[in-house]
Amino acid sequence: MSTPLSQHQVEIQRNLNVWHNKPLLREIYSGFYGRILKLVDLRMPGRIVEIGSGVGNLKSRLPQAIATDLFPNPWLDVICDGYELPFVERSVSHLILFDVFHHLEAPGSFLREARRVLVEGGRLVLFEPYISWCSLLVYGLFHHEPVAWRQSISLAKDLPRPRDYYAAQGNATRLFFLGKRADWPEGWSIFHAEAFTSLSYVLSGGFRRPAIYPTRCLPLFQRTDRWLSRWPRLFGVRCVVGLEPN
């Protein structure tokens, strides 16, 4: 499914308003960012770059991160396309993508560019939707982006312009957890792949819907999340993946 690329900027402006007016969502995302930070080695030389920063929320936990996106906004540091990064070779220690990988129509093309800019031993960290038996229903019925569970995934190593808006929420699950491609990701090692439950996020309504519970009840839902995370194939909602180029 493709929509005009300007849709990206429309969503950013809407998300910014929600972020400032929904403390529950900020608390939940702080926990998400904590999972990302566990995969970041601050001792490694090189820049930490977030691709597709949206409203720039990662800086609340990682202020030194370079925030990038397709459209100029006051909180961004660099305007760029993930397929054409404006960084010299071997200058970036970490590339972080939060809910961005499933917007890459040709993820293999991005990985080639990521390999170019990462230092030796550099890391690529992805935070994505995870499609389980339960979350398939949630994402399929209540999220505006398609799961595209049976849609073919392009592994082309180049994606020429013009590039349209693209979304397929199931791509990370299919590629990194279900092994739909035996040769994926070619030239990379997966050093971390974790799927977990996040009913606290689902019931918060995210950026689109009102929350079903008040902020003070978040610790209760988080305890439930930890318990249900024992069975990610049944109850998984989110995942975090860490990769290193071979």
Side-chain angles (χ1 to χ4, degrees), residues 1-15 36 49-55 58 67-73 76 78-87 92 94-118 123-131 135-136 139-140 143-188 190 193 195 206-208 238-243 245:
M1 174 179 146
S2 292
T3 58
L5 197 59
S6 58
Q7 178 67 22
H8 182 71
Q9 179 70 343
V10 171
E11 292 182 3
I12 285 176
Q13 294 301 323
R14 178 172 54 239
N15 290 350
I36 290 174
V49 178
E50 184 186 18
I51 304 299
S53 301
V55 297
L58 179 63
T68 78
D69 214 318
L70 292 168
F71 295 89
N73 278 302
L76 298 175
V78 176
I79 308 305
C80 69
D81 187 317
Y83 296 107
E84 302 169 17
L85 299 175
F87 304 105
V92 174
H94 297 76
L95 287 170
I96 299 172
L97 281 69
F98 193 108
D99 280 344
V100 171
F101 182 81
H102 66 273
H103 289 293
L104 297 173
E105 185 175 358
S109 177
F110 166 76
L111 288 181
R112 185 180 65 173
E113 182 69 349
R115 173 186 288 275
R116 181 186 68 82
V117 302
L118 282 174
R123 295 179 175 181
L124 172 61
V125 181
L126 312 175
F127 195 96
E128 283 290 306
Y130 180 82
I131 308 302
S135 69
L136 177 61
Y139 287 127
H143 201 282
H144 65 289
E145 295 172 351
V147 173
W149 194 241
R150 299 187 183 279
Q151 181 178 315
S152 62
I153 302 174
S154 171
L155 298 183
K157 294 186 178 180
D158 187 44
L159 184 65
R161 294 175 180 271
R163 300 175 183 133
D164 291 330
Y165 182 88
Y166 169 87
Q169 294 184 89
N171 282 3
T173 307
R174 295 169 65 192
L175 289 171
F176 297 114
F177 292 88
L178 301 184
K180 290 300 183 181
R181 289 290 301 251
D183 57 346
W184 177 267
E186 183 180 359
W188 293 78
I190 301 173
F207 284 95
R208 289 273 175 162
R238 286 292 203 162
C239 64
V240 59
V241 178
L243 300 101

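For clarity, every value in this text was computed on a predicted model and none was experimentally measured. Throughout, numbering of the chain's residues begins at 1 and tracks the sequence.
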Next on the checklist: Is any side-chain heavy atom of Glu145 closer than 4.5 Å to one of Tyr165?
Outcome noted: yes

Checklist entry - Under 3.5 Å, is there a donor-acceptor pair between the side chain of Glu128 and the main chain of Val100? => result yes

Checklist entry - For Leu95, which of Thr68, Leu85, Val125 qualifies under side chain to side chain contact (heavy atoms under 4.5 Å, CB included)? => result Leu85

Checklist entry - Sequence neighbours excluded, which residues qualify as side-chain hydrogen bond (donor to acceptor under 3.5 Å, both in side chains) partners of Asp81? => result Arg163

Checklist entry - What pairs with Tyr130 under ring-ring contact (aromatic ring centres under 6.0 Å, His included), at least two apart in sequence or on another chain? => result Phe177

Checklist entry - So, Arg14 side chain and Arg208 main chain: donor-acceptor pair closer than 3.5 Å or not? => result no

Checklist entry - Are side-chain heavy atoms of Arg161 and Glu84 found at a separation under 4.5 Å? => result yes

Next on the checklist: So Thr173 and Asn171, do their side chains get closer than 4.5 Å, heavy atoms only?
Outcome noted: no

Item to check | For the student: nearest non-hydrogen atoms of Gly108 and Trp184, plus distance | outcome: N-CH2, 3.9 Å

Item to check | Set of residues satisfying side-chain contact (heavy atoms from CB on, under 4.5 Å) with respect to Arg150, sequence neighbours excluded | outcome: none

Next on the checklist: Just to verify, what does Glu186 make a salt bridge (Lys or Arg N to Asp or Glu O under 4.0 Å) with, not counting sequence neighbours?
Outcome noted: Lys157

Item to check | Verdict with reasoning, Leu126 to Phe176, per side-chain contact (heavy atoms from CB on, under 4.5 Å) | outcome: CA-CA 11 Å; Leu126 312 175; Phe176 297 114; 3.6 Å; yes

Checklist entry - Is there a side-chain contact between Arg174 and Trp149, using heavy atoms and a 4.5 Å cut-off? => result yes

Checklist entry - What residues form a side-chain contact (heavy atoms from CB on, under 4.5 Å) with Pro72, not counting sequence neighbours? => result Ile79

Item to check | Centroid separation His102 to Tyr166 less than 6.0 Å | outcome: no

Item to check | Non-hydrogen atoms of Ala167 and Pro146 that approach each other most closely | outcome: O-CG, 3.2 Å

Item to check | For His94, side-chain hydrogen bond (donor to acceptor under 3.5 Å, both in side chains) partners two or more places apart | outcome: none

Checklist entry - Going through the checks in order, is the side-chain contact (heavy atoms from CB on, under 4.5 Å) test met by Leu97 and Leu104? => result CA-CA 11 Å; Leu97 281 69; Leu104 297 173; 4.0 Å; yes

Checklist entry - Considering residues at least two apart in sequence or located in another chain, which fulfil the side-chain hydrogen bond (donor to acceptor under 3.5 Å, both in side chains) criterion with Arg116? => result Glu113

Item to check | Shortest non-hydrogen separation from Ser53 to Ala67 and the atoms involved | outcome: OG-CA, 3.2 Å

Checklist entry - Which residues satisfy the side-chain contact (heavy atoms from CB on, under 4.5 Å) test with Ala106, sequence neighbours excluded? => result Tyr83, Ser109, Ser154, Leu159

Item to check | Sequence-distant partners of Ser135, side-chain hydrogen bond (donor to acceptor under 3.5 Å, both in side chains), two or more places apart | outcome: Ser132

